[in-house]
Amino acid sequence: MGDMSSPAAARHQFAAALQSALTLDEVSNTFVTAVRTVLPAHSVGMYRLHHESSEVLDVRSDAQGAFLEHYEEYGRTDDPVLNFVLRQRRPIDSSRAVPEQVWEASGARSALGSAGLDHSLEAPLVASGMFLGTMNFARPGNQPAFSDEDLVSARIISEQLGLATERALRFEMTGHRASIMESTLDRLPQAVIVTDLEAQVLFRNRAARNDPDLLRPSIPGPHRGPSVEQSIAEAMEEFRVNGKRVHIQSIREPRTQSQRIVKSYRLGDTQGAAVTLIFDCGGPQDARTLPNWEVLSKREQEIAQLVSEGLTTKQIADRAFISENTVKQHLKRVFAKTDVRNRAELVQMIWASGGRDSGRPSAS
């Protein structure tokens, strides 16, 4: 009973070591350093191959001397054990793959002999149904050839290594996608802030990082409105308590007096996070033109401009060459994006941010 528990314990420890490996490098290094406890061998190695061309992408081995060079020079192209694994996708050793005389005459046997090795065992590395490489074991002639139990161990190692490789590929792909996403967000002109639902910042893009005043609390005093930080906090509370998905607020930056629109979106229910976009709407320096509100489309900006000139829905429709119903639809979107309830509030916002000068319509 004790003899049976030792191999089982070794396999369990090997699987646990692989489970703690996150990257492909860690998986490969764990295999080379820990696999002998499961399948004893004088030399071990792992080849990662391209899943279509079988081109060698990476090699990890503890082989000494020039063995690996000899194997790539003349052993790989004449390796009956490797050819069997490529065809059958299961472990095999040199005593079973081909007749002894064929193995002894092969290039792989010659390459092994240059390092004092005789017996070879190989097993496939398969992840997500794709053949990604091989794991290799070798013993010298003064040690026994690989046994049936060794083949069972090789099959278990193959399964565990495949699962670990699949996890590592997912982990590295997630990191790669996150890097692409961060790089993309850094290119946006708008400040973007990702928070959890408790308003703790998880990520800021470059525009947000480069604005030192963005997340400062508002300064107490008369005529001081809410800050971006407060707007985000209010949005997160609405998301948590009332189940809202979108929160929009117009605020004025205290130092420059520029107008900003803070728009927060709750992400998926399972993510527990939200993204906030901050749109700069200009300030007093934009005295004779409607602010270039990036939150509005070009057509929506045009409609807002015409509203600020006091035109009726019909007049706006005639001026913009669209139907009155289309004007109303545009206005609904403008109200939603600027967090106002009616035309009067929209005009007030436009005037406050410099869209009109001394009661005269701004230049268009």
Side-chain angles (χ1 to χ4, degrees), residues 181 184-185 187-193 205 207-208 211 214 225-226 228 231-232 234-235 238-239 242-253 256-268 274-364:
M181 184 61 67
T184 301
L185 292 175
R187 293 178 177 272
L188 293 179
Q190 297 89 9
V192 179
I193 300 173
N205 73 340
D211 188 341
L214 197 62
V228 171
S231 179
I232 292 176
E234 290 176 11
E238 289 285 343
F239 295 166
N242 300 323
K244 288 186 64 175
R245 313 295 303 187
V246 181
H247 180 275
I248 306 171
Q249 188 170 28
S250 175
I251 67 173
R252 183 176 294 281
E253 203 283 317
T256 64
Q257 291 298 295
S258 63
Q259 197 80 10
R260 282 173 167 167
I261 294 176
V262 183
K263 191 165 188 177
S264 299
Y265 302 85
R266 179 169 181 170
L267 301 178
V275 59
T276 297
L277 287 78
I278 297 93
F279 299 90
D280 288 316
C281 302
Q285 66 272 22
D286 305 318
R288 295 188 60 82
T289 59
L290 183 70
N292 183 24
W293 289 342
E294 293 170 334
V295 71
L296 302 181
S297 69
K298 186 175 180 181
R299 174 63 91 176
E300 289 164 353
Q301 290 188 45
E302 178 187 1
I303 299 300
Q305 173 69 56
L306 294 174
V307 168
S308 74
E309 296 178 13
L311 300 184
T312 65
T313 299
K314 185 178 186 312
Q315 289 170 329
I316 293 173
D318 292 341
R319 182 83 68 87
F321 302 104
I322 55 178
S323 70
E324 292 184 44
N325 185 59
T326 301
V327 173
K328 293 176 183 177
Q329 295 304 314
H330 280 308
L331 279 176
K332 286 182 181 179
R333 286 192 289 271
V334 170
F335 293 163
K337 290 182 179 181
T338 56
D339 196 30
V340 301
R341 292 171 294 182
N342 51 49
R343 289 179 179 233
E345 289 186 5
L346 178 62
V347 171
Q348 184 180 31
M349 178 180 290
I350 293 171
W351 286 1
S353 50
R356 287 174 63 99
D357 182 24
S358 303
R360 297 171 58 84
S362 59
S364 57

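Residues Glu309 and Arg319 meet the side-chain proximity criterion, which asks for heavy atoms closer than 4.5 Å. Annotation: side chain of Gln249 is not in contact with side chain of Ser264 (no heavy-atom distance under 4.5 Å). When side chains are defined from C-beta on, Ile322 counts as touching Arg299, because their heavy atoms get closer than 4.5 Å.
In this structure, the separation between CD on Glu238 and CZ on Arg245 is 13.5 Å, given to the nearest 0.5 Å. Note that NE2 of His330 and CD of Glu302 are 8.5 Å apart. Values are rounded to the nearest 0.5 Å. For the atom pair Thr326 OG1 and Ile303 CD1, the distance stands at 9.0 Å (nearest 0.5 Å). A distance of 7.0 Å separates OG1 in Thr312 from CZ in Arg343, rounded to the nearest 0.5 Å. The line from CG of Asn205 to CG of Leu188 is 6.5 Å long, rounded to the nearest 0.5 Å. In this structure, the separation between CD1 on Ile248 and OG1 on Thr276 is 11.5 Å, given to the nearest 0.5 Å.
Of all heavy-atom pairs between Ala274 and Phe239, the closest is CB-CE1, 3.9 Å. The nearest pair of heavy atoms linking Val275 to Leu267 is CG1-CD2, 4.0 Å. What you find for Val334 and Leu296 is that their closest heavy atoms are CA-CD2, 4.2 Å. Counting all heavy atoms, side chain and backbone alike, Phe335 lies closest to Leu346 at CE2-CD2, 4.0 Å. What you find for Ala208 and Val192 is that their closest heavy atoms are CB-O, 3.8 Å.
In terms of modelled atom types and a separation under 3.5 Å, the side chain of Asn342 and the main chain of Ala344 share a donor-acceptor contact. Remark: side-chain polar atoms of Ser308 are paired, donor with acceptor, to backbone N or O of Gln305 under 3.5 angstrom.
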